[in-house]
Amino acid sequence: MTPIPPTRRGACPAFLAPMETGDGLILRLVPADGRLSPAQLRGLAAAARRLGNGMMEVTARGSLQVRGLTAESVPLLQDAVLALGITPRLGLAVDVSPLGGIDPSESADGHKLAAEIIAGAQPLAGKLGPKVSVVVEGGGAVSLAGQKADVRLVATGPGQWALTVGNAPARVLPEADAAAEALAALVSIAALGRAARAADLPGCGGRARGAEAAPPLGRLPLADGTLAFGFGLPFGAGDAAQFEAIADALDAAGARDVRPAPERTLIATGLSAGADDVFAARLAALGCITAVGDPRARVAACAGAPACASAHIPARALAPVLAEAFAPLMDGTVSLHLSACTKGCAHPAPASLAFVGMDGGVALVHDGPASGAARPVRLVADFPAAVASLAATLAARRAPGETTRALLARLDPAGLWADGAMNRRAGKDHVTSRAE
């Protein structure tokens with residue numbers, strides 16, 4: 001099947017507007033209160049198996065996705081979600097920390113501001129594009145810095161919030177003015193039409209300032225004395241059986257609920273001391289990611305072929321190869337993105353290295369988004385060997401104490417990728433590097 005050109009940048013799946021792709025329709029669900037009980041998670045997984053192809057995903061923004069639906073099964077899944085007592089978020093996406101209000105390390109709870117913005121934006125329904133979003137970040141254990149936003153509010157001190165619209169410089173505002181100023185920015189975006197984003201406003205364009213955010217993994221203390229525990233499925237995806245097993249583990253650990261979180265993670269809350277260790281061991285046995293040091297935690301990968309109609313490569317199937325090859329270089333200073341096309345759905349922001357499937361092969365983008373891929377220089381069949389060779393070359397040239405981010409800035413990884421391809425065509429079996 002010839003991939004569909006990746007041109008749908010202004011659309012994404014939603015609860016009321018599922019998106020068609022290679023394996024059927026995708027429905028995206030964000031619980032309005034940000035949490036699911038273990039029973040609700042188990043019920044959602046059962047519905048995904050019964051009505052879709054059984055595959056579920058946690059996105060980079062902490063949404064849940066159910067794949068493989070049909071036009072006939074979508075309303076049945078929507079009914080199943082409501083029957084489980086899950087209220088889906090509809091309309092403008094306003095994201096706050098999944099631990100807001102119960103995180104003792106946060107500077108402020110963003111829920112009040114978020115509620116004001118949601119209420120104030122009601123008249124803009126149908127006027128803002130589906131990808132327009134707001135982030136209200138109160139600080140704490142769960143960073144939202146890696147999430148792109150048209151309007152961003154960040155707590156900077158008692159009663160003060162920094163407002164950023166698009167890529168304009170931040171303005172510090174008193175809390176009493178923060179929601180009104182954020183709404184004014186949304187009104188300005190809406191006035192430009194449904195295709196508009198904040199970067200289209202005067203003075204708000206320019207290159208997005210990418211931020212690396214560590215996934216919230218492992219033990220996290222809560223204000224009531226209980227514990228939270230962050231974990232993830234490899235590359236954000238699993239089948240219904242895995243999610244049902246996670247629900248069983250939540251019940252066994254006495255968890256209060258589970259909360260979808262940024263960077264393709266889930267956070268269990270309400271654990272007692274000691275229960276988290278048993279819970280972590282059970283998750284590890286299920287193949288879950290439980291520690292920041294796991295190289296899979298810093299690799300973003302889309303579903304890829306054949307699940308996605310725009311895919312040129314089987315991205316998620318190749319992702320373990322990338323994680324294993326770069327494991328010695330994953331020191332927390334870099335992120336990797338494996339995208340099956342130039343849309344870059346799994347990681348829209350710039351990545352340290354983005355491997356991008358294109359017609360004819362795989363391109364490499366250094367410190368940029370997948371959309372920055374120019375031309376492929378690697379055949380798809382060469383990918384595993386090429387990735388291993390590139391990682392080995394980089395590791396060999398890293399100076400003592402040098403971070404991987406600094407190493408990539410000093411070298412030319414895209415050039416190394418291209419040189420390796422040319423050497424292979426010349427019959428050589430190694431990768432040479434450009435002169436520094």
Test: D224 and R256 ion pair at under 4.0 Å: yes
Margin query: Taking the side chain as everything from C-beta on, heavy atoms only, tell me whether D23 gets closer than 4.5 Å to M55.
Written below: no
| request: Look at the side chain of D200 and the backbone N and O of R197, then say whether any donor-acceptor pair between them is shorter than 3.5 Å. | output: yes
Does the side chain of R259 reach to within under 4.5 Å of the side chain of I102, using non-hydrogen atoms?
yes
Is the H347 ring parallel, tilted or perpendicular to the H337 ring (thresholds 30°, 60°)?
tilted
Is there a side-chain contact between F231 and I246, using heavy atoms and a 4.5 Å cut-off?
yes
Quick note, salt bridge (Lys or Arg N to Asp or Glu O under 4.0 Å) partners involving residues 347-364, not counting sequence neighbours, are none
Across all chains, not counting sequence neighbours, the salt bridge (Lys or Arg N to Asp or Glu O under 4.0 Å) partners of K112 are E116
Rounded to the nearest 0.5 angstrom, the CG-CG distance for L36 and L64 is 6.0 Å
Interatomic distance, CG@L283 vs CZ@F229, rounded to 0.5 Å, equals 6.5 Å
Whether over 12 other heavy atoms sit under 6.0 Å from E181 CD
yes
**Side chain to side chain, L44 and F243, heavy atoms closer than 4.5 Å** = no
Original post:
So do the side chains of R89 and D95 get within less than 4.5 Å of each other, counting heavy atoms only?
Top reply: yes
- Query: Do S133 and R61 come within less than 4.5 Å of each other through their side chains, counting heavy atoms only?
  - Reply: yes
Practice prompt. Answer whether the closest heavy-atom distance between the side chains of S335 and S352 falls below 4.5 Å.
Written response: yes
Kindly list each side-chain donor-acceptor pair under 3.5 angstrom involving residues 273-281, sequence neighbours excluded, with atom names and distances?
{"residue": "D276", "atom": "OD1", "partner": "G274", "partner atom": "N", "Å": "3.2"}
{"residue": "D276", "atom": "OD2", "partner": "R219", "partner atom": "NE", "Å": "2.5"}
{"residue": "D276", "atom": "OD2", "partner": "R219", "partner atom": "NH2", "Å": "2.7"}
{"residue": "D277", "atom": "OD1", "partner": "R219", "partner atom": "NH2", "Å": "3.4"}

- Decide yes or no for F15 and V81: does some side-chain heavy atom of the first lie under 4.5 Å from some side-chain heavy atom of the second? yes
Check whether any side-chain N or O of Q242 sits under 3.5 Å from a backbone N or O of D239 as a donor-acceptor pair, and report yes or no. yes
